[in-house]
Amino acid sequence: MIASTASERQSIPKAPTGIHGLDEITGGGLPRGRPTLVCGSAGCGKTLMAMEFLVRGATEFDEPGVFFAFEETADDLTANVRSLGFDLEDLAARDKLVVEHIHIDRSQIEEAGEFDLEGLFIRLGLAIDMVGAKRVVLDTLETLFGGFDNEAILRSELRRLFRWLKDRGLTAVITAERGEGTLTRQGLEEYVSDCVIQLDHRMHDQVSTRRLRIVKYRGTHHGTNEYPFLIDGDGFSVLPLSSLKLDHVASTERVSTGIERLDTMLAGGVYRGTSVLLSGTAGTGKSSISAHMAAACCQRGERCLYYSFEESPQQVLRNMRSIGLDLEPWLASGMLHFVSTRPTFHGLEMHLATMFKHIRQFDPQLVIIDPISNFIAVSTAGEAHAMLLRLVDFLKSRQTTAVFVSLVSGGKGFLEATEQNISSLIDTWILLRDVELGGERNRGLHVLKSRGTPHSNQVREFVLTSHGVELRDVYVGPEGVLTGSMRLAQEAKEREAAEARRQAIARKRREIDRRRQALAAQIAALRAEAESEELELELLLSAEEAVDRRLTDDRLGMAQSRRAEGDKEEEKTA
């Protein structure tokens with residue numbers, strides 16, 4: 001019998017956080033009725049995450065909450081989280097949330113020399129009973145213990161606090177500042193917490209990134225990687241990278257690229273939900289093909305999300321009008337949406353998180369990223385590869401067709417490679433290249449691969465015209481594949497040769513006609529001569545017949561004449 005998987009086995013009860021992505025990597029939420037420690041450096045988002053845990057619980061899961069703040073006042077907290085769309089005053093008026101601020105003077109604690117949480121328990125119990133709270137947040141915990149160095153007392157009181165929360169069946173979130181070499185300043189909270197979440201806000205090459213990691217989670221499976229997270233106007237959102245599996249649907253539907261002859265090369269277009277890579281050197285027409293695919297998507301009544309990391313939307317619209325492609329109506333109708341930012345505006349994780357958010361909100365059928373090469377500027381090639389791998393898998397899981405534009409630098413040997421090394425992730429790879437011949441640089445297009453497609457293996461000349469992209473048949477001359485003016489010159493030579501052959505054939509045909517006419521004339525003359533001779537012969541025969549008749553008549557006459565004389569003699573004898 002096959003053993004059950006970790007996801008099929010029973011786990012501890014969990015309280016969903018309502019924070020997008022966090023419930024996925026925690027396997028359902030935070031441990032219900034147990035304390036969770038959220039730690040990190042200043043400004044990493046601990047307080048905002050804890051507050052959203054309470055607000056989502058109150059609004060989405062009907063679990064009222066209590067927020068105890070030891071540093072910020074209730075008014076400050078209310079103002080701070082209003083930017084996330086959280087109305088704490090309304091929740092308080094509906095008995096869904098209680099926010100309390102407890103001021104602790106560390107100097108007084110040092111003078112007293114004793115530590116007792118009994119007062120905190122009383123105030124916390126009253127607030128909990130006031131709204132029937134199921135969730136509690138203590139922010140920030142080290143403020144309670146900042147004046148003490150006795151580790152035995154700290155450990156004892158922490159255990160006492162956490163035991164008190166557990167005995168009440170409260171799902172608690174405790175925030176704490178990161179210490180030197182430890183997760184917290186005291187270095188004790190992580191040992192008595194059932195779940196520990198570490199938030200990190202780091203800088204790399206002057207670009208900030210935020211990451212979340214579940215350090216431990218007792219009694220259940222959980223994601224163990226570092227996950228990028230985003231804080232914006234909608235609150236927290238975590239990108240669950242490890243949850244992406246190769247279980248997406250493989251569609252058999254084909255979608256057009258907007259270029260008829262390219263569709264023919266691809267046996268009818270690309271499969272829906274697959275990834276397309278357009279790579280080539282600068283100026284080879286990668287963005288022009290992308291724009292054609294965007295227009296074709298909108299013409300099908302589908303939405304297209306276009307990421308432009310080098311040009312503004314208006315610049316893209318202007319440039320595409322020069323080749324007869326007007327994207328303005330699709331932008332105005334909302335079928336086409338541009339996102340234009342510099343890659344250095346965010347780190348890779350932030351880019352990935354914002355892309356996931358845009359895609360979920362806009363729900364496009366086609367996503368274009370032009371170009372992916374710029375991600376190298378804010379990371380290494382390996383990090384860019386990992387980021388694009390996650391994006392490809394995410395889009396495939398949504399059956400969203402993706403177009404990645406990659407700028408390739410280097411000589412001929414580097415054309416069939418990308419700086420991000422994502423060619424193995426791509427389903428259809430269209431390579432655009434410069435063809436330099438006769439002092440000119442022209443464009444060529446080649447389908448390097450297209451999985452599941454009997455694609456063309458020809459190199460087509462790629463021409464940008466006033467009415468869009470044109471793909472011309474491959475033209476092979478004496479020097480090989482010809483493009484541009486050399487192709488025109490060779491075509492002119494071949495036209496001249498063809499015209500010379502046509503004229504030679506015409507001359508030969510005229511000569512044959514003349515000979516035929518001469519022979520016909522000769523035949524006619526001979527026929528006339530024969531007819532004349534035949535007529536002369538007939539005349540001779542007629543004359544001969546006349547002579548014969550006269551001779552016959554003469555003989556008859558002579559015979560008759562003699563017979564008459566004989567009769568007379570007979571009569572005399574008688």
Side-chain angles (χ1 to χ4, degrees), residues 253-266 268-280 282-343 345 351 354-355 357-375 391 395 398-407 428 430 432 443 445 460 462-471:
E253 178 188 359
R254 291 187 181 271
V255 293
S256 172
T257 62
I259 304 171
E260 184 178 356
R261 299 206 71 181
L262 181 56
D263 288 343
T264 302
M265 293 179 69
L266 294 168
V270 299
Y271 286 119
R272 182 179 295 279
T274 58
S275 54
V276 180
L277 176 64
L278 300 174
S279 67
T284 49
K286 301 179 296 297
S287 297
S288 298
I289 294 181
S290 300
H292 272 277
M293 296 187 71
C297 174
C298 296
Q299 288 172 355
R300 293 191 298 269
E302 300 174 349
R303 288 182 295 275
C304 174
L305 182 60
Y306 197 121
Y307 285 94
S308 174
F309 293 118
E310 290 184 337
E311 300 175 298
S312 67
Q314 292 303 316
Q315 188 175 357
V316 174
L317 296 178
R318 181 203 65 190
N319 294 345
M320 293 305 110
R321 279 194 292 267
S322 68
I323 61 171
L325 197 60
D326 188 7
L327 300 177
E328 181 70 36
W330 306 119
L331 183 64
S333 66
M335 301 297 292
L336 175 63
H337 180 66
F338 281 94
V339 178
S340 297
T341 58
R342 289 292 182 187
F345 186 71
H351 274 297
T354 53
M355 283 180 175
K357 181 179 178 181
H358 294 155
I359 292 167
R360 289 191 181 100
Q361 291 178 343
F362 190 62
D363 191 24
Q365 283 72 44
L366 175 67
V367 173
I368 299 173
I369 303 176
D370 182 14
I372 59 175
S373 317
N374 288 5
F375 288 122
L391 182 58
L395 293 173
R398 298 177 61 88
Q399 281 294 284
T400 302
T401 308
V403 177
F404 300 94
V405 178
S406 175
L407 176 64
T428 299
I430 300 174
L432 296 99
R443 302 178 179 92
L445 181 146
R460 298 291 176 88
F462 178 78
V463 182
L464 297 178
T465 70
S466 59
H467 51 273
V469 169
E470 284 187 5
L471 295 182

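Hydrogens, waters and symmetry mates are skipped; everything else that's a heavy atom, side chains included, is used.
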CD1 of Ile369 to NE2 of His351, rounded to nearest 0.5 Å, is 10.5 Å

Sorted by chain and residue number, the salt bridge (charged side-chain N to carboxylate O under 4.0 Å, His left out) partners of Arg261 (sequence neighbours excluded) come out as Asp473

Without swapping roles, check the side chain of Ser406 against the backbone of Ile372 for a donor-acceptor pair under 3.5 Å. no

Check: Ser373 side chain, Leu407 main-chain N or O, donor-acceptor pair, under 3.5 Å: yes

For Arg254, check salt bridge (charged side-chain N to carboxylate O under 4.0 Å, His left out) against everything at least two apart and list the hits. none

Examine distances only and state if a side-chain atom of Arg303 and a backbone atom of Phe362 form a donor-acceptor pair shorter than 3.5 Å. yes

Note, Val469 side chain near Val463 side chain (heavy atom, < 4.5 Å): no

When every non-hydrogen atom of Thr401 is compared with those of Gly273, the smallest separation belongs to OG1-N, 3.0 Å

Quick one, Thr428 and Leu277 - any side-chain contact, counting heavy atoms below 4.5 Å? no

Please list every donor-acceptor pair under 3.5 Å in which a side-chain atom of residues 314-322 meets a protein atom from a residue at least two apart or in another chain.
from, atom 1, to, atom 2, distance (Å)
Asn319, ND2, Glu311, OE2, 2.7
Asn319, ND2, Gln315, O, 3.2
Ser322, OG, Asn319, O, 2.4

Checking Ser308 against Asp370 for the side-chain hydrogen bond (donor to acceptor under 3.5 Å, both in side chains) test, could you report, in this order, the C-alpha distance in whole Å, the side-chain angles of both residues, the deciding distance, and whether it holds? CA-CA 5 Å; Ser308 174; Asp370 182 14; 5.7 Å; no

Would you give the length of the straight line joining atom CD1 of Ile368 to atom OG of Ser290, rounded to the nearest 0.5 angstrom? 5.0 Å

Side chain to side chain, Leu391 and Met355, heavy atoms closer than 4.5 Å: yes

Residues passing the salt bridge (charged side-chain N to carboxylate O under 4.0 Å, His left out) test with Arg272, sequence neighbours excluded, are Glu253, Glu302

For Thr264, which residues count as a side-chain contact (heavy atoms from CB on, under 4.5 Å) partner, sequence neighbours excluded? none

Looking at side-chain heavy atoms only, is the closest gap between Pro364 and Tyr306 below 4.5 Å? no

Side chain proximity check, Leu266 to Thr257, heavy atoms < 4.5 angstrom: yes

Please determine which of Ile289, Val270, Val405, Leu366 meets the side-chain contact (heavy atoms from CB on, under 4.5 Å) test together with Val276. Val270

Please tabulate, for the side chains in residues 324-338, all donor-acceptor contacts under 3.5 angstrom to protein atoms that are two or more places apart in sequence or on a different chain.
from, atom 1, to, atom 2, distance (Å)
Asp326, OD1, Glu328, N, 3.1
Ser333, OG, Pro329, O, 3.2
Ser333, OG, Trp330, O, 3.0

Please tell me if the side chains of Phe309 and Ser340 come closer than 4.5 Å, counting only heavy atoms from C-beta onward. no

For the atom pair CD1 (Ile259) and CZ (Arg460), what is the distance rounded to the nearest 0.5 Å? 12.5 Å

Less than 4.5 Å apart, any side-chain heavy atom of Met265 and any of Leu445? yes

Mind checking the CZ-CG spacing from Arg443 to Leu432? Nearest 0.5 Å is all I need. 9.0 Å

Contact between Leu471 and Phe462 at the side-chain level, heavy atoms closer than 4.5 Å - yes or no? yes

